[in-house]
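Lettering follows sequence order; numbering is per chain, from 1. No hydrogens, no waters, no symmetry mates; every other heavy atom, side chains included, goes into these values. Since the structure is predicted, the reported quantities are computational estimates derived from the model, not experimental observations.
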Protein chains: 4
Amino acid sequence: MTLSVDVAPDQDRKGPGRPRSARVDEAIVEAVFELLSSGQSADAISIEAVAAKAGVGKATIYRRWPNKEALLTDAVLAMKGPPPELRGESVRDDLVTLIGTMRKKRMAQYGKAAACLMPELFKSPEMTRVYQGVMEPRREAMRSVLRRGIASGELRADLDVELALLVLAGPTLAQNMLRWNPNVPDEHFAENLVDFVLRGAQP
Amino acid sequence: MTLSVDVAPDQDRKGPGRPRSARVDEAIVEAVFELLSSGQSADAISIEAVAAKAGVGKATIYRRWPNKEALLTDAVLAMKGPPPELRGESVRDDLVTLIGTMRKKRMAQYGKAAACLMPELFKSPEMTRVYQGVMEPRREAMRSVLRRGIASGELRADLDVELALLVLAGPTLAQNMLRWNPNVPDEHFAENLVDFVLRGAQP
Amino acid sequence: MTLSVDVAPDQDRKGPGRPRSARVDEAIVEAVFELLSSGQSADAISIEAVAAKAGVGKATIYRRWPNKEALLTDAVLAMKGPPPELRGESVRDDLVTLIGTMRKKRMAQYGKAAACLMPELFKSPEMTRVYQGVMEPRREAMRSVLRRGIASGELRADLDVELALLVLAGPTLAQNMLRWNPNVPDEHFAENLVDFVLRGAQP
Amino acid sequence: MTLSVDVAPDQDRKGPGRPRSARVDEAIVEAVFELLSSGQSADAISIEAVAAKAGVGKATIYRRWPNKEALLTDAVLAMKGPPPELRGESVRDDLVTLIGTMRKKRMAQYGKAAACLMPELFKSPEMTRVYQGVMEPRREAMRSVLRRGIASGELRADLDVELALLVLAGPTLAQNMLRWNPNVPDEHFAENLVDFVLRGAQP
DNA sequence: CGTTAATCGAGACGGTACGTCCTGTCTTCGG
DNA sequence: CCGAAGACAGGACGTACCGTCTCGATTAACG
């Protein structure tokens, strides 16, 4: 599945008049992102606040996006990064890498932002679609690693790939977004999780 | 930890005048819950909408709760149910029961409601506290089952209880709230998850 | 036409229990009248205000009248006084008496109250009916005086009785309710008006 | 006496921002007038109802008038029309014209509206002042016609002008506002009234 | 004298309107 | 084209009453 997306979709206009500033685009999307990750729910984010934070007139925003939903959608799209590069040697290491990239750098922010977007996900199917588009590549990468492990004998032959995916990503999500279990330390989270999932709880 | 909570806190007033109706309390909290679990974010829930849905005047709500946050907090408290009864024979069965009760009946609604409350959790520490109060009993129940398993030899002696907790609850949460991985079926979810976590992914 | 009216209609109950206080009835109607003649419109008069002014509980009012309209209606009825006694000698004197009794004593208050009731007259046909019932006897008295005058030759044979009625009552009303022309003095108003109407404006 | 009045008083602002819409002003005043003449008392007219009827947001009303009283006052001002043109030949004809213009076209509406405003007149001196300002020009016009009649001998030399004014306007008012005497027909009302007043009731 | 029922004050109830504030959109201004 | 600023329709806020209903306590006549 390929989702090709441009952040400011009607930018290819030409002709007379002052051209649109690319800086402005970035400033707006950045402002949305900051507001989101500061714990504001989607409906609590007003165009007015975005305009103020970006140092921009309200009209300038409406010139680029038809409404708030489109703006938020584009801001979510902008959170999408390149897929992580995998070494491809050990399945365990690749899984650790994949889980780890969900937790690095801006991921604490990302997690908070994603959590704040949740009500929006239930309301807007468009937003749901975009969110899936952001998630799916990582999911697919993990699937292929798991399948490789089955083929190479590093993982059980009868492994349920989808369930394994969920068991790896679920805790990461819960911890990222909600810090669900405060007793689990952040350090070596990825390694500990992967090792646990590989080995299981039985003796 | 014990959290003793009454939903309508100042009801024990006495003296002259017509007493407050208990039906009204229920109707209001129920209305909040329905709005929450229909995918409205906390800030999108207006007191006016609650009043309309409950068939109640706005003043009747304000007579009981000083503001929206208090109302939402109490509504969350009302979601707290009794802890599940465990058979106490097999650790595996008890874990299945615990995971299962997170998914039964109204839990799909509960999950959606919880997801919609997330932005509020970041804003209101009071809400965070109450949410923890609702969660902690289940967490503690699962902890003691896990410890029992270690003692009885059903689980590894070096098991990280907190991590195990997260690995069991995280996927449940992700699936409940977000239906994160649509490829994992709902049927036998608890059994499949517990068995997977017990056994691990390795051959 | 006969309108038989009792102010507090269901008073004839008997049997055990504390009887209704006649004082309370009077106090309530009096309170309504005072509020009306202090320049409050009918809708601006609240049962609460009436109860407060009469020193009575709201329930006490609702026990006697089913709603505000009925209360106001009864209060209007209470404004009805006995028809004036006419000497029957001179038509001019009898007209002066009739006009004069519209202006005596409490009539300034009555006028103000009536003015404040006007919006209600448009809304409530029941109120209209009652108001007519209060007005009609005076109107009829004046008609018979006028007809007597025609018969006795004191008035023109071709006099339009209804129009004469209006020309006598209209200015009185306008001046009572609105003090419409502040340049016309209150003293000898009735005499001046009647003499003017009798004589006309021509040389 | 000259009363210069503008309906929307602070409209002459300049500077940036979207200018106020003149249509909106008209729609609001028109809505007030319609509500008034549909038999609503002044206090029964809610700003909310005005806004709804005018298809306007409440804030738009409050941007122009500080409170309900000011709005009603301005609406009354808007009822003021140009003084009628008089032929100046016969006093009788001019009086008929003056009385007649009080009864034409929208005057039935005007009468009802005025009646509904009466309670307000007792409460608000400002409203009283404005109402006088609307009435006075017509009163003055009639006075000068009467004085002309005295000078020309068409009317009695010792005529009390103010009383004559009241005798002409009072019945008109009573009939306009209250349809006080339903037995007097609307057709030829002005002619009949003026002829009656000129001639008097005596033989 | 005790029963009984109507009394009164008080306050909860479902509503409606208040006047304020804010949002998303639109429209103008000056640069 | 851009920023700023303000008007606009709409809607929620929290308050204040309204008319009604429902209590507890009091009170006065009847049995």
| task | Nearest-nucleotide wise, let me know which of B:Gly55 and A:Asp43 is further upstream toward the 5' end of DNA chain E. | result | B:Gly55
| query | Where each residue is assigned the nucleotide of DNA chain E containing its nearest heavy atom, which of A:Ala44 and D:Ala44 is assigned the position nearer the 5′ end? | reply | D:Ala44
Expressed in angstrom and rounded to an integer, what is the separation of [X] atom [atom1] from [N] atom [atom2]?
{"X": "B:Arg20", "N": "E:dG11", "atom1": "CZ", "atom2": "P", "answer": "11 Å"}
{"X": "A:Arg63", "N": "E:dT27", "atom1": "CZ", "atom2": "P", "answer": "13 Å"}
{"X": "D:Lys68", "N": "E:dT16", "atom1": "NZ", "atom2": "P", "answer": "16 Å"}
{"X": "A:Tyr62", "N": "E:dT23", "atom1": "OH", "atom2": "C1'", "answer": "7 Å"}
{"X": "D:Lys58", "N": "E:dC22", "atom1": "NZ", "atom2": "P", "answer": "15 Å"}
{"X": "D:Arg18", "N": "F:dA9", "atom1": "CZ", "atom2": "C1'", "answer": "10 Å"}
{"X": "D:Glu48", "N": "F:dC13", "atom1": "CD", "atom2": "C1'", "answer": "12 Å"}
{"X": "B:Ile47", "N": "F:dC13", "atom1": "CD1", "atom2": "C1'", "answer": "9 Å"}

| said: So B:Asn67, base contact, sugar-phosphate only, or nothing? Heavy-atom distance under 4.0 Å. | reply: nothing
| message | Once you apply a heavy-atom cut-off of 4.0 Å, does D:Ala49 come out as touching a base, just sugar-phosphate, or nothing? | response | nothing
| request: Let me know, please, whether C:Ile45 or D:Gly57 comes out on the 5' side of the other along DNA chain F by nearest nucleotide. | output: D:Gly57
| task | Tell me, please, which residues at least two apart from A:Glu48 pass salt bridge (Lys or Arg N to Asp or Glu O under 4.0 Å). | result | A:Lys58
| query | What residues form a salt bridge (Lys or Arg N to Asp or Glu O under 4.0 Å) with B:Lys68, not counting sequence neighbours? | reply | none
| task | Check whether any side-chain nitrogen or oxygen of C:Ser46 sits under 4.0 Å from OP1 or OP2 of F:dC18, and answer yes or no. | result | yes
| query | Under 4.0 Å: is that the gap between some side-chain N or O of D:Arg64 and OP1 or OP2 of F:dC8? | reply | yes
| field | Nearest to side-chain heavy atoms of B:Thr60, which nucleotide of E:dC8, F:dA9, E:dG14 | value | E:dG14
| query | Can a donor-acceptor pair be found between the side chains of B:Thr73 and B:Glu126 at a distance below 3.5 Å? | reply | no
| task | Flag the pair B:Trp65 / B:Asp74 as yes when at least one side-chain heavy-atom distance between them is below 4.5 Å, and no otherwise. | result | yes
| query | When rounded to the nearest 0.5 angstrom, what distance separates CG in D:Leu35 from OG in D:Ser46? | reply | 8.0 Å
